[in-house]
Undergrad: 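Quick one: the structure is below, questions incoming.
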Amino acid sequence: MVDLTEEIKREIGQHFVIGFHGYSASEDIKTLIKDYHLGNVILMKRNVRDVQQVCALVRELQTCAKESGQERPLMIGIDQENGLVSAFSSPKAGTQFPGAMAIAATDSPALAEEVAYATGRELAYAGINWAYSPIADINSDPRNPVIGVRSFSDDPATVSAFARAVASGLTRAGIAPSPKHFAGHGDTHVDSHLALPVIEKDMKALDQVELMPFKDLIKDSVATIMTGHMALPKVTGDDTPCSLSRRLTKGLLRDELGYEGIIVTDCLEMEAVADKYGSEDGAVRSLEAGADIAMICHRFARHKGAIEATYEAVRTGRLSLDDIRQSGKRIQALKDRFSNSWDSVLGIPPEATWIEMKRAHAALSDKAYAASAALIRDAGGLIPLDPKAPLVLFTPEVQKINLAVDDSGPLPEGALLDKNGKLRNTASPSYLSFAGYLEGKTHTQHMVYGPDQPIDSQLDTILPLAAGTSVIFCTRNADRATWQIDQLRALFAALGTASPRIVVLATCAPYDLLEVSGMKDLSYMATFEFTVPALKTAVKVLFGELKAVGKVPVIGGKA
């Protein structure tokens, strides 16, 4: 038995990264820092209102850490992949930049590094020093519900080149990158937030595809790597998630691939782990497996329970104290490199620096989005659209994508409820902005369609169409939500002999019209995300202000 001294408890606290709720430091997170010696914190979108508030929040957290006797400042992490997973991006906080697949569509790793450096500078200004980015997963399965456009490509070499560029940009800005999700979350159509993905690949297949970006990032001495919750039974012999598997964490990543940096888990409250093991035992198992830091994002009872379960595991010898201390040296080295001094983390950065940074980064964002928009085909030479002709815009009803992208909170702007409280005729804020930009070009009628809002039942409000009417039909992952293609067919059937100028705009993954019979002669454009800047760029392309120069970066998405 090990006598749990204060020194050992302080050591154990360094091996967790934990999230909390609120725009200021909650009593829960203060308790974890003061009484459980928590050494690392993750901020989420729910913690970000504006940059001044985030700066104040980070100072509050760091002050709590210093006053509780911690030797080094906290590592403050955030999910900032850009694109659809941008916890720090908002008009009052960080700049919105293109996400992985959009930036890969520029075909410029140099631009990707420039964008990552800019992102890192903004995070550093706010006191954030750890970004859970880039995604190093290869999106091999187009049906992937949780990766998709968060991946750069379905080509390992492309993913490797862009992941290295992003990691380099963040590192230059003083931010620790964390490529994820080792050993690869791309070749599955199961979301690990909800269940355990099982990938039936042997070691040879894994080595040829999934491991390529990680091996290249390890050569670059990337500061941290995040393990994912996917099972590889042909490698491990069972269904243990990678994040809890000593064969994959210690054996493959640490020993065989020679990785010497920090290994952090994905959130252990995801059902791929929590359903079978519980977050508390999952944390112990992840440290047993060889992780340096266990991540638990949401519930205080699980935070406290996981740390106390680790106390017990060390006390009984289940967890080696020597291994914990050796791991602790790696965490100290990470902090010495990225967490700066107490004076630095408790200082107040000049507002003028932020204003100038945001001005420069707005121009960089425009440049990056302009280089990302891809015109897959322009059947009949429809683009540019005629600004004198009326336009009808169809956008899909709001539906959840996954828990990494979706943000819980109030109903989106434009939401309407039926008598049973179900969302109906609902446009997301980004599509409402899109409609506004189009209205600035020509008279635009915006219609929302959904599985329970048939297009043909709404068309009587716009038929007959005036001569030369343009139609923009937006899809969002219609290869999976196939009701969108059904509605597109219904639109054709209802129009009959009318022949409007129809452009299909894929506003997320670019796979939407692939393998769809009768759609090969439609004009088809991809934005790779439905962020406001991506859709604003699409308007400029549609009306001839910009030329679409982006290239679809997935083999399966080229037409």
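Keep in mind that what you see is a predicted model, and the values were worked out from it rather than measured.
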Undergrad: Could you walk me through whether Tyr117 and Ser168 satisfy the side-chain hydrogen bond (donor to acceptor under 3.5 Å, both in side chains) test, starting with their C-alpha distance in whole Å, then the side-chain angles of each, then the deciding distance to 0.1 Å, before giving a yes or no?
TA: CA-CA 8 Å; Tyr117 176 69; Ser168 176; over 6 Å; no
Undergrad: Would you say the side-chain atoms of Thr249 pair up with the backbone N or O of Gly290, donor to acceptor, closer than 3.5 Å?
TA: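 Not a single qualifying donor-acceptor pair exists.
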Undergrad: So does Glu122 pair up with Lys358, basic N to acidic O under 4.0 Å?
TA: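 Result for this pair is no, no salt bridge flagged.
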Undergrad: Are Thr527 and Tyr369 close enough that a side-chain donor and a side-chain acceptor fall under 3.5 Å?
TA: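 Short answer, no.
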Undergrad: So, Asp292 and His15: side-chain donor and acceptor under 3.5 Å apart, yes or no?
TA: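 Per modelled atom types, Asp292 and His15 side chains form no pair under 3.5 Å.
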Undergrad: To the closest 0.5 Å, what do you measure between CD (Gln96) and NE2 (His361)?
TA: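 NE2 of His361 is found 14.0 Å from CD of Gln96.
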Undergrad: Tell me whether Arg330 at atom CZ has more than 12 heavy atoms from other residues, nucleotides or ligands lying less than 6.0 Å away.
TA: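 Yes - once you tally the heavy atoms of other residues, nucleotides and ligands closer than 6.0 Å, there are more than 12.
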Undergrad: Give a yes or no on whether a salt bridge exists between Lys215 and Glu210, defined as a side-chain N under 4.0 angstrom from a carboxylate O.
TA: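 Between Glu210 and Lys215 there is no salt bridge, as every charged N stays at least 4.0 Å from the carboxylate O atoms.
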Undergrad: With the side chain counted from C-beta on, respond yes when Leu364 and Val115 share a heavy-atom pair under 4.5 Å apart, and no when they do not.
TA: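 With C-beta onward as the side chain, the pair touches.
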Undergrad: Can you name the nearest heavy-atom pair linking Trp130 to Ser178, along with the distance?
TA: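 Residues Trp130 and Ser178, closest heavy atoms: NE1-CB, 3.8 Å.
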Undergrad: Return yes if a side-chain donor-acceptor contact under 3.5 Å exists between His298 and Arg46, otherwise no.
TA: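 Arg46 and His298 do have a side-chain donor-acceptor pair below 3.5 Å.
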Undergrad: Which donor-acceptor pairs under 3.5 Å do the side chains of residues 278-285 make with protein atoms, sequence neighbours left out?
TA:
unit_1: Ser279; atom_1: OG; unit_2: Leu268; atom_2: O; d: 2.9
unit_1: Asp281; atom_1: OD1; unit_2: Arg318; atom_2: NH1; d: 3.2
unit_1: Asp281; atom_1: OD1; unit_2: Arg318; atom_2: NH2; d: 3.1
unit_1: Asp281; atom_1: OD2; unit_2: Arg285; atom_2: NE; d: 2.6

Undergrad: Should the pair Lys250-Glu288 be classified as a salt bridge under the 4.0 Å nitrogen-to-oxygen rule?
TA: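 Judged by the 4.0 Å cut-off on N to carboxylate O distance, Lys250 and Glu288 do not form a salt bridge.
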Undergrad: I need the Leu43 CG to Cys297 SG distance, nearest 0.5 Å.
TA: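 One finds 11.0 Å between CG of Leu43 and SG of Cys297.
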Undergrad: Closer than 3.5 angstrom, by distance alone: can the side chain of Ser89 be matched with the main-chain N or O of Thr95 as a donor-acceptor pair?
TA: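 Side chain of Ser89 to backbone of Thr95: a pair is present.
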Undergrad: To the nearest 0.5 angstrom, please state how far the NZ atom of Lys329 sits from the CD1 atom of Ile324.
TA: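 CD1 of Ile324 is found 13.5 Å from NZ of Lys329.
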Undergrad: Quick one: does Arg254's side chain have a donor or acceptor within less than 3.5 Å of a partner on Gly261's backbone?
TA: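 Side chain of Arg254 to backbone of Gly261: a pair is present.
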Undergrad: Is a side-chain N or O of Asn139 found less than 3.5 angstrom from the main chain of Ser151, in a donor-acceptor match?
TA: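 No, Asn139 side chain to Ser151 backbone: no donor-acceptor pair under 3.5 Å.
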Undergrad: Does a donor on one side chain sit under 3.5 Å from an acceptor on the other, for Ser140 and Asp154?
TA: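 Not at all, the side chains of Ser140 and Asp154 share no donor-acceptor pair under 3.5 Å.
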Undergrad: Taking Lys276 first and then Asp239, would you say they form a salt bridge - that is, a charged N and a carboxylate O separated by under 4.0 Å?
TA: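 Between Asp239 and Lys276 there is a salt bridge, with a charged N closer than 4.0 Å to a carboxylate O.
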Undergrad: Are any of the side-chain nitrogens in Lys536 or Asp366 under 4.0 Å away from the carboxylate oxygens of its partner?
TA: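 Here Lys536 does not pair with Asp366 in a salt bridge, since their nearest N and O are not under 4.0 Å apart.
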Undergrad: Between Thr240 and Asp238, is there a side-chain donor-acceptor contact under 3.5 Å, judged purely by atom types and distance?
TA: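 Yes.
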Undergrad: Atom CG in Leu232, atom CG in Leu248: separation rounded to 0.5 Å?
TA: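 Here the rounded value is 5.5 Å.
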Undergrad: State whether Lys180 and Asp266 are salt-bridged, where the test is any N-O pair (Lys NZ or Arg NE/NH1/NH2 against Asp/Glu carboxylate O) under 4.0 Å.
TA: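 No, this pair does not count.
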Undergrad: How would you list, by chain and number, every residue that makes a side chain to side chain contact (heavy atoms under 4.5 Å, CB included) with Ala223, sequence neighbours excluded?
TA: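 Applying side chain to side chain contact (heavy atoms under 4.5 Å, CB included) to Ala223 gives Ala176, Pro177, Leu334, Arg337, Phe338.
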Undergrad: Any side-chain donor paired with an acceptor under 3.5 Å for Asp322 and Ser320?
TA: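 No, no side-chain donor-acceptor contact under 3.5 Å.
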Undergrad: Quick one: list whatever passes ring pair (Phe, Tyr, Trp, His ring centres under 6.0 Å) with Phe214, sequence neighbours left out.
TA: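 Partners of Phe214 under the ring pair (Phe, Tyr, Trp, His ring centres under 6.0 Å) test: Phe182.
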Undergrad: Taking it one step at a time, do Val17 and Tyr132 satisfy side chain to side chain contact (heavy atoms under 4.5 Å, CB included)?
TA: CA-CA 12 Å; Val17 56; Tyr132 304 117; 3.5 Å; yes
Undergrad: Return yes if some donor-acceptor pair links the side-chain N/O of Ser160 with the main-chain N/O of Pro156 below 3.5 Å, else return no.
TA: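 Absent.
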Undergrad: In sequence, state the C-alpha distance, the side-chain angles, and the governing distance for Thr531 and Ser430, and then conclude on side chain to side chain contact (heavy atoms under 4.5 Å, CB included).
TA: CA-CA 6 Å; Thr531 57; Ser430 54; over 6 Å; no
Undergrad: Centre of Tyr524's six-membered ring, under 6.0 Å away, within 45 degrees of the axis: is that where NZ or CZ of Arg377 sits?
TA: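 So Arg377 doesn't make the cation-pi contact.
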Undergrad: Show your working on side chain to side chain contact (heavy atoms under 4.5 Å, CB included) between Met525 and Val541 and close with a plain yes or no.
TA: CA-CA 10 Å; Met525 182 177 165; Val541 171; 3.6 Å; yes
Undergrad: For a 4.5 angstrom cut-off between non-hydrogen side-chain atoms, does Ile78 reach Met44?
TA: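 Ile78 does not reach Met44 side chain to side chain.
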Undergrad: To the closest 0.5 Å, what do you measure between CG (Asp512) and OG1 (Thr482)?
TA: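 Here the interatomic distance stands at 11.0 Å.
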Undergrad: Counting N and O atoms only, with roles assigned by atom type, does the side chain of His181 sit under 3.5 Å from a partner on the main chain of Ile135, one being a donor and the other an acceptor?
TA: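 Judged by distance alone, no pair lies under 3.5 Å.
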Undergrad: Looking only at atom types and distance, does a side-chain atom of Ser245 sit under 3.5 Å from a main-chain N or O of Ala289, one as donor and one as acceptor?
TA: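 Such a contact is absent between Ser245 side chain and Ala289 backbone.
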Undergrad: Decide side chain to side chain contact (heavy atoms under 4.5 Å, CB included) for Phe152 and Met101; before the verdict, give the C-alpha distance in whole Å, the side-chain angles of both, and the deciding distance to 0.1 Å.
TA: CA-CA 4 Å; Phe152 296 104; Met101 196 170 287; over 6 Å; no
Undergrad: To the nearest 0.5 Å, how far apart are CG in Leu123 and CG in Asn129?
TA: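 If we round to the nearest 0.5 Å, Leu123:CG and Asn129:CG are 9.5 Å apart.
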Undergrad: Got a salt bridge between Arg302 and Glu269, using NZ or NE/NH1/NH2 to carboxylate O under 4.0 Å?
TA: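 Yes, Arg302 and Glu269 are salt-bridged.
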